[in-house]
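Below is one structure; the comments refer to it alone.
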Amino acid sequence: MRNVKVYEETWPLHTPFVISRGARSEARVVVVELEEDGIKASGECTPYPRYGESEASVMAQILTIVPQLENRLSREELQTLLPPGAARNAVDSALWDLAARKATQTLTHYAGITLPQSITTAQTVVIGTPEQMAASAAALSEKGAQLLKVKLDDHLISERLVAIRAAAPAATLIVDANESWHAEGLVARCQLLADLGVAMLEQPLPAGGDEMLANFIHPLPICADESCHTRESLASLHGRYEMVNIKLDKTGGLTEALALADEAAKQGFALMLGCMICTSRAISAALPLANRVRFADLDGPTWLAVDVEPALHFTTGTLHL
Ligand SMILES: [Mg+2]
């Protein structure tokens with residue numbers, strides 16, 4: 001028998017996180033805690049309203065499988081019980097954590113991965129005035145960030161990017177529009193980004209409305225985030241995207257995330273690893289993928305006023321392992 005606990009946590013941010021969909025001032029996560037043979041483990045997810053999830057709906061989904069979880073449900077069985085999404089991620093992450101702890105190994109070693117001593121992570125520049133965004137990019141760059149992820153909406157594209165590029169001339173820039181752009185004007189915008197040396201554009205058009213991406217030769221790689229959840233998404237991405245952003249909250253945990261990484265790479269997509277606004281607990285669960293990706297975007301916990309204990313060790317732009 002396993003003991004199972006499911007609960008919500010709220011973690012205030014030190015700075016509001018502003019993207020095209022709106023602003024957030026706290027991370028609201030759901031945690032699954034397991035205890036088996038005296039060993040405790042946990043997994044975390046961030047429910048996302050964009051995907052129809054709330055803390056309440058995710059808690060309810062997890063509670064439907066607590067009897068099976070108590071009865072030593074395996075990761076393989078879990079994949080058939082819950083759909084991809086945040087709820088399955090919290091449970092899958094807890095099961096991986098439990099297995100690693102039982103083997104007295106770190107999760108990455110248990111998954112057969114050896115990571116370098118540090119990983120470069122993107123640091124996010126959230127939406128603001130061009131001046132605010134340039135100041136943020138300059139500050140992050142001065143503190144050591146080499147990779148900046150610039151959040152944009154449908155306005156001031158050129159003004160914001162020109163200011164940021166001038167403020168952080170040495171940084172690698174990637175841009176995330178979070179579905180806020182339109183087919184009209186897209187080609188010119190992509191060319192502008194390429195001319196400014198932007199290394200990648202993430203999800204310019206709405207998932208389900210991204211056919212236009214197949215109509216022109218991309219001057220920079222375009223990455224699917226909201227359009228890519230699991231291996232099943234890949235068939236619709238060919239010709240539209242060159243990269244996929246893998247997040248455990250979309251795949252429903254590391255089990256499917258590893259399978260998605262394998263399959264996407266096999267089909268010729270470059271890989272990115274992303275996260276939601278979350279604690280170090282959620283980033284730890286994704287680490288077995290960290291050395292397989294072109295871009296790691298794992299700065300979620302760096303937005304928290306206080307992180308879980310023990311926390312991962314971040315300095316600006318770097319995750320130290
Ligand atoms: Mg994104």
Side-chain angles (χ1 to χ4, degrees), residues 13 16-24 27 45-53 84-86 89 120-128 133 136-137 140 145 147-155 157 160-161 164 172-182 186 189-190 193 198-210 213 218 220-230 233-234 236-237 240-252 257 260-261 264 269-278 282-283 286 289-290 293-303 317:
L13 309 188
F17 191 82
V18 187
I19 70 167
S20 68
R21 267 192 277 281
R24 289 189 159 211
C45 69
T46 303
Y48 202 38
R50 167 66 183 82
Y51 302 135
E53 296 170 341
N89 178 28
T120 297
T121 174
Q123 291 281 161
T124 305
V125 176
V126 297
I127 292 177
M133 293 179 80
S136 165
L140 290 168
L147 176 62
L148 299 179
K149 173 159 165 168
V150 179
K151 291 287 192 179
L152 288 177
D153 55 19
D154 200 30
H155 307 286
I157 310 299
R160 285 167 166 160
L161 282 176
I164 290 165
T172 300
L173 300 182
I174 55 181
V175 165
D176 188 1
N178 287 107
E179 308 180 281
S180 65
W181 293 5
H182 308 277
L186 179 66
R189 280 185 177 178
C190 288
L193 265 55
V198 172
M200 180 272 278
L201 168 62
E202 199 179 322
Q203 198 73 39
L205 300 178
D210 52 6
L213 294 174
H218 301 170
L220 78 171
I222 301 185
C223 179
D225 183 2
E226 286 85 344
S227 288
C228 181
H229 289 246
T230 64
S233 311
L234 292 173
S236 64
L237 306 180
R240 299 182 184 179
Y241 298 94
E242 289 75 35
M243 291 186 70
V244 295
N245 187 346
I246 299 172
K247 293 177 182 168
L248 269 53
D249 277 318
K250 293 187 296 175
T251 60
L260 171 60
F269 293 98
L271 306 179
M272 171 171 182
L273 179 61
C275 67
M276 310 302 278
I277 296 293
C278 61
I283 300 300
L289 284 162
V293 298
R294 183 183 298 177
F295 299 123
D297 175 22
L298 303 174
D299 71 341
T302 71
W303 288 85

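Counting starts at 1 for both ligands and their atoms, following the listed order.
- For the side-chain contact (heavy atoms from CB on, under 4.5 Å) criterion with M200, the lone passing option out of M272, E242, K149 is M272.
- The CG atom of N178 sits 4.0 Å away from the CD1 atom of I19 when rounded to the nearest 0.5 Å.
- Here E226 does not reach the Mg ion (ligand 1): none of its N/O/S atoms is less than 2.8 Å from the metal.
- R160 places a side-chain N or O within 3.5 Å of a backbone atom of H155 that can act as its donor or acceptor partner.
- Looking at D225, its N, O or S atom nearest to the Mg ion (ligand 1) turns out to be OD2.
- In this structure a side-chain-to-backbone donor-acceptor pair under 3.5 Å is missing from E226 to E179.
- With a cut-off of 2.8 Å, the Mg ion (ligand 1) has an N, O or S atom of E202 in range.
- Distances from the Mg ion (ligand 1) to each N, O or S atom of D176 single out OD2 as the nearest.
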